[in-house]
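Step one of this worksheet: look at the structure below.
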Amino acid sequence: MQVAVHSFADSADGGKRLAQALGAEICAVDVHEFPDGERRIRVAATPPVALLFRSLDRPNGKIVETLLAADALRDRGAKWIGLVAPYFAYMRQDRAFAVGEAVSQRVIGRLIAGAFDAVVTVAPHLHRTADFSAVVPGRATCVVAASDVLAAILRTGPLTADTIILGPDVEATPIARGVAERLALPWAVATKRRRTDNAVDIVLPGERWRDRTVVLVDDIVSTGGTLIACAERLRAGGAARIEAVACHALFDVSAELRMQQAGIVHVRCADTVPHNSVVHVIAPLLAAGLRELLP
Ligand code: R5P
């Protein structure tokens, strides 16, 4: 079956890797920005099965462009369109935490569901929503698990026998357990209390850190505050070496520097969003999921 992967310039590298893994054609989506900020989108002719590759980090403009591209692809011959969004935005706000707040996950999920036949993502940040198919109602979905992604990153380098996997909070339990099982390593999770967007308190479980290599695992790194607080506690607990792996690198250079200063020798992230910390691991995992999903 002929499939085309259409990708925007900011996701072109990832789109190309996915197209190669699938043996699909690759096409560029052209974006023109008008002086007032509006966008004109132009897509190439497509076979009936089309994939649109676009990570939705820094999402506000990208979501509009992605919806416009889906509509244009239907005009150019697509009968089935899958969105491949390795980072799917607006997952955190899955309910109104205070009166009057918009439930962003529901709004964005419905918009995307209205434009695509299927949605594929990596490690969506779901806390209270049971699974990703509830986010995009009525659409086929495929999720690449964080543990598969992070284990793939860790397999690219040597692992010492004294390594222990640590998740920073209870929500990271399936990730820490999954990575540890895949690599036959011990694991634990800390307890986290978030004080503000930038500050968290971490309590480590037990005292088995002395002279060990600790690999912190998480889905997202944003301000870096979570990993920094873990690293401070681990250093106080005598850890010999602290590394971190995460799926989505949403952090900037200043956060990177603060993580280094906190004693994290190496932060490696998956290539779900463009970033200088990435290790290219997601294309074969996405392709395997897509082979099950394509019509
Ligand atoms: C929280 O639930 C997530 O799993 C991450 O721990 C969090 O988003 C990381 O954010 P930051 O880097 O800003 O601490």
Side-chain angles (χ1 to χ4, degrees), residues 55-59 85-97 101 103-105 108 121-132 135 143-151 153-154 165-180 187-205 214-235 242-270 272-278:
S55 213
L56 297 176
D57 55 304
R58 293 174 178 76
Y87 178 70
F88 199 95
Y90 282 113
M91 292 296 93
R92 291 187 182 98
Q93 187 84 13
D94 55 13
R95 67 182 171 91
F97 295 94
E101 287 179 356
V103 183
S104 322
Q105 184 188 93
I108 301 303
T121 192
V122 176
H125 192 73
L126 303 178
H127 277 182
R128 287 152 291 264
T129 308
D131 74 75
F132 188 62
V135 174
V143 169
V144 176
S147 337
D148 285 328
V149 170
L150 302 187
I153 295 176
L154 288 169
I165 303 293
L166 179 66
D169 50 31
V170 71
E171 285 85 18
T173 303
I175 304 178
R177 186 197 298 123
V179 172
W187 64 282
V189 291
T191 308
K192 174 167 95 176
R193 190 175 66 88
R194 186 168 283 285
R195 280 183 280 127
T196 66
D197 279 350
N198 295 295
V200 299
D201 294 323
I202 292 284
V203 178
L204 295 180
V214 184
V215 177
L216 294 162
V217 294
D218 209 350
D219 55 350
I220 297 174
V221 183
S222 177
T223 64
T226 298
L227 295 184
I228 289 168
C230 286
E232 285 166 351
R233 303 261 57 82
L234 286 167
R235 277 170 58 199
I242 306 165
E243 296 182 27
V245 289
C247 295
H248 309 298
L250 304 185
F251 57 97
D252 61 16
V253 179
S254 72
E256 197 166 350
L257 198 65
R258 281 184 282 109
M259 287 190 277
Q260 273 169 19
Q261 285 163 351
I264 305 175
V265 292
H266 209 179
V267 182
R268 286 176 288 170
C269 295
T272 62
V273 299
H275 197 275
N276 63 10
S277 69
V278 304

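Just so you know, ligand 1 is whichever comes first in the structure, and atom 1 is the first atom listed for that ligand. None of these values were measured; they are calculated from a predicted model. Starting from 1, each residue takes its place in the sequence as its number.
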Nearest neighbour in protein (non-hydrogen) for [atom]:
{"atom": "atom 5 (C) of ligand 1", "answer": "Asp218 OD2, 3.3 Å"}
{"atom": "atom 13 (O) of ligand 1", "answer": "Thr223 OG1, 2.6 Å"}
{"atom": "atom 14 (O) of ligand 1", "answer": "Thr226 OG1, 2.6 Å"}
{"atom": "atom 9 (C) of ligand 1", "answer": "Ile220 O, 3.4 Å"}

> Among Leu166, Val265, Leu216, which one satisfies side-chain contact (heavy atoms from CB on, under 4.5 Å) with Ile242?
Replying inline: Leu216
>> For a quick test of reading the model, state the closest non-hydrogen atom pair linking Ala262 to Ala231 and the distance between them.
In response: O-CB, 3.6 Å
>> Quick check on Arg233: does its CZ atom have over 12 non-hydrogen neighbours (other residues, nucleotides or ligands) under 6.0 Å away?
In response: no
>> If you take the nearest heavy atom of each of His248, Met259, Arg194, His125, which one is closest to atom 1 (C) of ligand 1?
In response: His125
Could you tell me, atom by atom, which parts of ligand 1 come under 4.0 Å of a heavy atom of [X]?
{"X": "Asp219", "result": "3 (C), 4 (O), 5 (C)"}
{"X": "His127", "result": "2 (O)"}
{"X": "Val221", "result": "12 (O)"}

>> Could you walk me through whether Glu243 and Arg268 satisfy the salt bridge (Lys or Arg N to Asp or Glu O under 4.0 Å) test, starting with their C-alpha distance in whole Å, then the side-chain angles of each, then the deciding distance to 0.1 Å, before giving a yes or no?
In response: CA-CA 8 Å; Glu243 296 182 27; Arg268 286 176 288 170; 3.1 Å; yes
>> I want to check something: taking the side chain as every heavy atom from C-beta on, are His275 and Asp57 in contact at a cut-off of under 4.5 Å?
In response: no
> Is there a nitrogen or oxygen of Glu171 sitting under 3.5 Å from a nitrogen or oxygen of ligand 1?
Replying inline: no
> Is there a nitrogen or oxygen of Gly224 sitting under 3.5 Å from a nitrogen or oxygen of ligand 1?
Replying inline: yes
>> Just by distance, no angles: are the side chains of Glu256 and Ser277 close enough, under 3.5 Å, to form a donor-acceptor pair?
In response: no
> How are the rings of His248 and Tyr87 set to each other: parallel, tilted or perpendicular (split at 30° and 60°)?
Replying inline: perpendicular
